[in-house]
Every structure is written in C-alpha cells, then in structure tokens.
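Shown next, in structure tokens, is the structure this report addresses.
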Amino acid sequence: MIDSALIGAALWPALVNGLTMGAIYALIALGLTLIYGVLHIINFAHGSLLMVALYAVLVLFERLGIDPYAALVVVVPGMFGIGYVLQRFVINPARHGRDENTLLVTLGLSIVIENLASHFFKTDTRQIETAYTFMMVDLAGAVISMPRLLAFAGALASCLALAVLMRSTDLGRAIRAVAREAQGARVVGIDVDHVFAMSFAIGLACLGAAACFLLPTYYVSPQVGHGFVLIAFTVVVLGGMGSFTGSLVGGLLVGVIESLGGLLLGESLGQIGVFVIFIVILLFRPAGLFGQRT
Amino acid sequence: MLELKDVSKRFGGLAAVDSVSLVLQEGRIGALIGPNGAGKTTCFGLMSGFIRPDQGQVVFCGRDITGWPAHQVSREGLVRTFQIVQPFTGQSVLENIAVGAQRRRSRGAAIAFAAEVAARVGLGEELAKPAESLPIAGRKRLELARALAAEPRLLLLDEVLAGLNPAEIAEVVPLIESIRAGGTTVLMIEHVMQAVMSLADEVWVLAHGSLIAAGTPEAVTRDPAVIEAYLGPGAAARLAQPT
Amino acid sequence: MHTPAPIGRTPAAADAPPAVVHLLGGTRRSIRLLGLIGMALACAPLVVRSEFHLTFMTLALYSTLLGSAWNILGGFGGQYSFGHAVFFGLGAYTGAILQVHAGLPAWTGLLAGSAIGGAAGAALGAISFRYGLRGSYFALVTLAMAEVFRIIANSVPFTGAGVGMMIELRSGPADLQFESRQGYYYFALALALVALAVSSWVRHSRFGAALAAVRDNEDAARALGIDATRIKVAATALSGSLMAAGGVFYLQYFHYIDPMLVFGPAVSVEALLGPIVGGLGTVLGPLIGAFALALVSQVATQALGQAPALSMALYGVILIVMVTFLPRGLGRLRLRRGRHA
C-alpha cells in the first residue's frame, strides 16, 4: 500500500519528465520518418548522426563559448549540409535497388562515425554546464530543470516549423509530391535525386536542432546514439512510418512509457518496455497506431 | 475438376471479382478472357490460394480448398504461372525448373526430371544459363516449364503468349495442346484470340469483375455483350450493320 | 518442333546434358573442396609455430563460424538479421549457467546452447515470418530482440546482471578448455568445419533449393508448393543454433562474458560482415571474408598502432565499399563457374 502511495506521488513528475524527453524523441523521429516517407529507406545511422551533432554543440560550447541554443544557427545548417552530401554521394550510389543495401550502408556509416568518435573523443561521457543548468521550475509539484522545459518547447517549435516548411513552401510541396509518386514527379520535371538529398538533409537538420536542445539536459558519448536509434524507430513505427502527426504523438507516448517503465520496473529493466512495444507493433500493426493499413 | 461457387473479392470499395461461378471439366482447356482490369488475374489468385475470397467457395477435385494457403493448393495439384514472369534470378534455368520438380523427388531426381521438362518446352539448350539472361520468350517457357515440373493436375496459365511474336506463338500453342494430351487440365488467361479459338474448349468472359458470357469460343465471340465489353457500348450494333 | 520426351525416364548419366552432370556433381565437388581445406587447415599448426599467428587463425575460424551461421539465413535465405547476437548470447549464457550454477561439464553447454539457439531461432522466425515481416523490418526486429535480451541479462540475478559471469579455469578436452593454443585452434576448426559442412548441405540440398527459391521470389516459390514460412523458420533455427555454438566458443576461449559483450551490436556486426565481404549465399564466402577481414585488421593495427576504434571504423568503411562496389563479395570475383562451387 505504501508502495502504491509512493508511486502515486511520483506519477506526475514521471509523467512530466516523460513528456519533456518525449518531445525530443519526437523531433528525432520526425527526421527519421521524413527520410523514410520520402526515400523509403531506413537510416540506421540516425543515432550516430545525432551523436555527431551533440559533439558539435559540445565543441562549440567548450572551445568557442557558444551557447547551445545560439549554436542552432551553426549546427542545423551544418547537419543539413552533411545530410545532403551523404545521401547524394554515399547512400544513393550503394542502393542498387535493394532496401537492405541502404540498411547495410547506413549501418556501415554508423560504425565509422561511432568509432571515429571513440578514437578522437575517447569513450568517456561528457556534459556541459551553463548558467541555467541548475535553474528549476515547479510545475504543480513536479520540479524539472529549466533546460528540460526549454527542450520541450524548442522541440515542439521545431516540429511546428517543419510542418510549416512541408505545407507552405515549394520545397515542401516537391517533397510531398516525390513521397507520393517519385516516378510521376520525375515526369513533371522535378529533380527527384535533388529532392531525395534535400529530404535527407532536412531529416538531419532535425537532429541538429534536437542536439542543441538536448545537450544542456543530457550528455554525450560515442555510444549515445545507440539508445536513440531504436527509440526513434519505435516512435516512427508506433506513429506509422512516414506519418508526421504520428511521430509527434508517438514520441510523447514513448517518452512517457519509458519514464513510467523506469518508475515501475526499475532503471535497468524499465528500458525494456520500449523495445517490447517496438516488436509487438511491428508484428501486429505494422502500419502504426495512426497509419492506414495497406 | 475446378469449380468456383459465387466467389467475390473486393479491394477497398471496388469489386475486383463479383460473384463468379464456373465449372471446368477434367481434361479440357478452358480460357478466361476479358478486357484489361476485368479481374482475370484476381480470379487466378483466388483459385490458387494467393488471395482469400470474401465470399464463395473454391472446389478442386471435389475438395473445398477455399482459404487454403497457396503452397497447399499447389501441392494438391493446382499450379499457377504468373503474368509477369517471376524467375528465380541468380539461378540457372535448370535450377529454376528443378525447384518445381522437387516436391515429390530427391534433389538428384528433381534435377534429372527438370532437364527432361526443359527439353520438352524447348529450353534443352539453355540449361546452364542464368534465368535472367533469357529473352522474354525464353522466360515464358521457363515459367511454363517450372509449373509443368510440379506435375499439376490443373495448370493455370496467365498470359503465357503475351509478348511473343507470331512464330513463337505458333511454337507454344502445340505445346499447350500436348500438355492437355498428357492428362493435365488447363485454364488460361489469354489475349491472343487466335490461340484461344484454336485451343479452348470452353471460354468464360469477365468484365468489371462479373462473368458476362460463357460457352464455346465461337459462341462467345458472336455474343453482343462480349463485343460491347471489348469495344464499348453500341459496338455490336455498329458491327452488325452492313457498311 | 520438339518431340515431347516421355516423362519418368531417368536419363543415364552418360547421355545427360553437361549442366545436369555439373549440378548433380555439386555435392561431391563441395565435399572434396571442404575436405582439402579442412586437411590444409588441420596441418597448419605443423607449419605455423608462432602463438601469435595461431591465435590469428583461431579467431578467423571462430569468425568463419559466426559468418557461416549468419549466411545461412542472410545469404542463402535473403533475410538480413541485425541482431544475431541474440543467439550468440543465449549460447554463451546457457554454457555459463550450466557450468557455474549446475556444475555440468562444458560440452553439455555446447549441446544445450546450440539447442537453445535453435529453439530461439525457430521462435523468432515463427513470430517474424508468420506476420509477414521482411527486409528492413526483419532486421530491426532482430536488433530489438538482441537489445531486449541484453537488458534482461543486465537485470536478472542468475546471469550475474551487469557484472557478468566467469567460468572456472579447468583444463581438459571434456571441459572444452585447453592449455595450448593448438587445442583452441582445433576446437575452432572443428566448429568452423561443421558450419561449412552445414552450409554446403544447404547449398546443394532440396531444402537449400527451396530456401533460395523463397529468397529469389517468394510468390513463385509458393506457387510451386513451397511453404515459405516454414522454410524461413527452419533456416533461422539452423542459423541460430550455429550462432549459439559460437557463443559457447567465446565463453570457453575468454572465460568471461557480460551482457554487452555477448548480446551487444558488435557480435551482430561481426557475423554479417564476413559473408558480405566474402560472398553472400556461397559456402566459402564466410571463410574468405573472415580471413580477409582478420588480415585487414592486422595490417591496420600495424599501420595505425594500437587503435582498436580505428580498425573498427575501417570495418565500417569496408562494409560501405563492399555494398557499393562489390555487392556480390570477394568470393565471386572469379569466373561465372564460381556460382556452383
């Protein structure tokens, strides 16, 4: 009884924590689902590329004293550029018309990136400390740190910005046209390879934004991507491959599930909930909770 | 041999096959014809277990095989080919055919039997070639050989003549006749009417998922409903008028 | 036109077409080739005296075992797993638990581990293929499975949780621990040869032909009476069983395991890299790939100094280069005939 009372008291903070982390997951997953929705490829290097962005934020902060939020203007375009080049010159040439090849090449990329990071940054975990790191906010009894709250707001704002980009710009329209019917888009004169690369680039730009919001409340290590890659896949699968709203809701949901799992099952075993959901969804409802059945 | 009882299949809101019933007797060659998109290939899918009907029954040799998985239907002796030929790419012609033959044989016997079947359909000289290197006519023969190697009681041929030139058609038509002579019942989807006329004992005409005519080839081709299904409303009347 | 040949007559070998003779002789040629390779490798310790080189070859043979295991499902079956560590870890932990908690000799761990790996393969295959998972989705589910098992091994007491498990040092063939390098070399060679023999059987058997048919065109295979789901499940079981044996070897060789070592992604990557480099869906591909990669990593270590991360990064580069430029692997650089080897 005492146990359940304790858990009851911890429930609200856990929920708030889960939602804030979930917003970051949503942003990361949004990049992944955009890439999947347009190119129909699974970017296995998504986690490692997030790690690259996190190290970029770290280096900018430590070497040049650039605030992580100010780093947005450097890291987002930087990741965008990396994405464009990777898709155009590494991932696309290896496809040979087979999805498995893309998976293998992005796996190769993640191995290269992670090990280079291990080599240059060593394997220790690094954090940054800013003036506002320890500022706390009380949300009806749940105390969370200021950067956490900013991460939540920033991630949601980025999702919104992406939605506007997709809906109201020529690029967004071209991307949606290619996503629906690549062959047809080619016929009406859209440079499909360019749009593919742009989509991949925007997907990575999402990682750049996520990294800037994440680092002040989190840490970075060469292996940090591992945790995120399967979580991002879980979000995408939960929300329905290629669905934007699905990723947003899925991200928040996974954040909450993870947080509650940790509360109920303990830190170590708590992580299992996310993977179990992942497997179950893939097996029984591959179109996701919000996607249509094909 | 094969009976469809009131079989229907809808995709989304569209009725691809709409309460089709037909009976094919043993030892005959039947043909399923109709304009593009009439639901012929869907019909084959329903008969061969690749598509589950929404309603109705598929009866093969007196057994209700409705809803059976495709491999079990095939083991029962009802073997289909595909309109878009589907060779096992990366394998030789001989290996391709041997897959069909190995159901009731050891690997060695299957390979030997596959070579015989290959010779029978005119692929005897191409055994070692990779399947994907064959021209379209060769691939059609391969598709046929693989199915024949499974020794079907009923063979469903989905447009084996499509894409062949007249000389090639003239070679394959007697082959189909010889398959029937060997004791295998045949049901074919075919657009090459000359072949349908010379081969088929009985013809069913599908349009928009429904059967609109059935009978001998001669009777069916004179049927105004059939002419209109192919050429549009009023076509039969226009053709009937002397010019 | 062609006169229809009477059906049912088996042609005498003498007048059979060359392609038939060649295909029928595949098993014999393969056994002969594997026999030669096995004998050469068995004699190697007579020539290779240095411990360093023998260790190199032992680990390359161990890698051949992992690669062959993965290749049965990934190469012959066309189903790419990213989480083969799940079987490896199950084998390793089965061996460790039987020795540490039940006091049983190591060989029982090898048998039980392989059996459990096979059963896990059957179960994973059954749930995945039953529900029509394929391609990238299958890869992701296997990866998630390995993660689930890593977390479980990290969290429950009888696996020693995060601390891992250590087996007692006991020398003797029955305990599958050896005082000399040669002992481990022959242990690895035996396991690798078993895996290669199984691969050769898959390549030339009815089962293998059905598996390849499902890989190359599932619908066409089903139309010919092949139960695609069952074939893929069987291949996963076979693959899982061999992979689990690899886990037991790891345990016997290093005497220590922990969740990250045996359920982590590094093992899954090692298993898939060899066959991709050496030649997917070929009998000798995993062997060629394993030795090529071991050589590359040796050369890299010499050139770059002790920088394990850089050698791993090089593996990643190799994977990208192979998939981009040589998707058929090193083993297929030879002439066409190579396909039947």
Side-chain angles (χ1 to χ4, degrees), chain A residues 36 40-42 44-45 48 90-96 98-120 122-123 222-223 226-227 229-230 233-234 237 241 265-280 282-286, chain C residues 74 78-80 82 124 127-156 161-162 259-260 264-266 268-269 272-273 276 280 304 307-325 327:
Chain A
Y36 181 84
H40 302 287
I41 63 174
I42 287 181
F44 199 75
S48 332
V90 180
I91 297 171
N92 202 39
R95 191 164 188 186
H96 303 302
R98 283 176 54 99
D99 291 352
E100 287 90 344
N101 284 345
T102 316
L103 202 60
L104 288 174
V105 163
T106 51
L107 171 70
L109 270 178
S110 75
I111 297 172
V112 172
I113 295 169
E114 265 169 41
N115 286 289
L116 287 182
S118 298
H119 185 74
F120 290 112
K122 306 303 164 211
T123 48
Q223 277 77 40
H226 282 188
V229 74
L230 266 180
F233 280 126
T234 308
V237 163
M241 285 273 188
L265 299 173
E267 265 316 303
S268 174
L269 204 57
Q271 308 162 41
I272 218 170
V274 174
F275 299 121
V276 170
I277 289 174
F278 178 69
I279 294 166
V280 168
L282 265 190
L283 291 177
F284 298 105
R285 191 141 171 73
Chain C
Q79 311 295 321
Y80 291 9
F82 272 25
L124 176 67
I127 58 171
S128 302
F129 300 126
R130 176 89 227 281
Y131 292 100
L133 276 192
R134 51 177 89 183
S136 309
Y137 294 96
F138 178 68
L140 290 176
V141 160
T142 53
L143 177 72
M145 281 288 183
E147 278 297 290
V148 166
F149 276 88
R150 186 180 64 77
I151 294 168
I152 292 174
N154 225 340
S155 313
V156 296
M260 195 62 190
S268 300
V269 169
L272 66 83
L273 203 52
I276 287 172
L280 278 173
L304 305 168
L310 282 187
S311 327
M312 268 309 279
L314 190 63
Y315 275 20
V317 173
I318 291 172
L319 178 56
I320 296 171
V321 168
M322 289 303 299
V323 174
T324 309
F325 300 106

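Quick note on labels: first sequence line is chain A, next is B, and so on, each numbered from 1.
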Chain A interface, residue from [options] that has the most non-hydrogen pairs under 4.5 Å:
options	result
C:L310, C:N154, C:L314	C:L310
C:I276, C:V317, C:I320	C:I320
C:L140, C:I127, C:I318, C:V269	C:L140

With a 4.5 angstrom heavy-atom cut-off, which part of [X] approaches chain C: side chain, backbone, both or neither?
X	result
A:L265	neither
A:I42	side chain
A:F120	neither
A:L230	side chain
A:H96	side chain

> Which value, rounded to the nearest 0.5 Å, describes the distance between A:N101 atom CG and C:Y80 atom OH?
Replying inline: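 Spacing of CG (A:N101) from OH (C:Y80) equals 6.0 Å.
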
> If you round to the nearest 0.5 Å, how far is CZ of A:F275 from CZ of C:F149?
Replying inline: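 If I round to the nearest 0.5 Å, the distance is 13.5 Å.
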
> Just wondering, do C:L143 and A:F44 contact through their side chains at under 4.5 Å, heavy atoms?
Replying inline: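 Counting from C-beta outward, A:F44 and C:L143 do come under 4.5 Å.
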
Taking all atoms of both residues into account, what is the closest heavy-atom pair of [X] and [Y], and its distance?
X	Y	result
C:T324	A:P93	CG2-O, 4.0 Å
A:H226	C:P265	CE1-CG, 3.7 Å
A:F278	C:A144	CD2-CB, 3.3 Å
A:L283	C:Y131	O-CB, 3.4 Å

> Do A:N115 and C:Y315 pass the side chain to side chain contact (heavy atoms under 4.5 Å, CB included) test, and can you show the C-alpha distance, the side-chain angles, and the key distance before you say yes or no?
Replying inline: CA-CA 10 Å; A:N115 286 289; C:Y315 275 20; over 6 Å; no

> What option among A:T106, A:V90, A:L104, A:I41 has the most heavy-atom pairs under 4.5 Å with chain C?
Replying inline: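 Ranked by heavy-atom pairs under 4.5 Å with chain C, first place is A:L104.
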
> Given that the side chain runs from C-beta out, which part of C:M322 has a heavy atom under 4.5 Å from chain A: side chain, backbone, both or neither?
Replying inline: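 Contact with chain A involves no heavy atom of C:M322 at all.
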
> For C:F82, is it the side chain, the backbone, both, or neither that has a heavy atom closer than 4.5 Å to a heavy atom of chain A?
Replying inline: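 Only the side chain of C:F82 comes within 4.5 Å of chain A.
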
>> Determine whether C:L319 and A:V112 satisfy the following criterion, side chain to side chain contact (heavy atoms under 4.5 Å, CB included), listing intermediate values before the conclusion.
In response: CA-CA 10 Å; C:L319 178 56; A:V112 172; over 6 Å; no

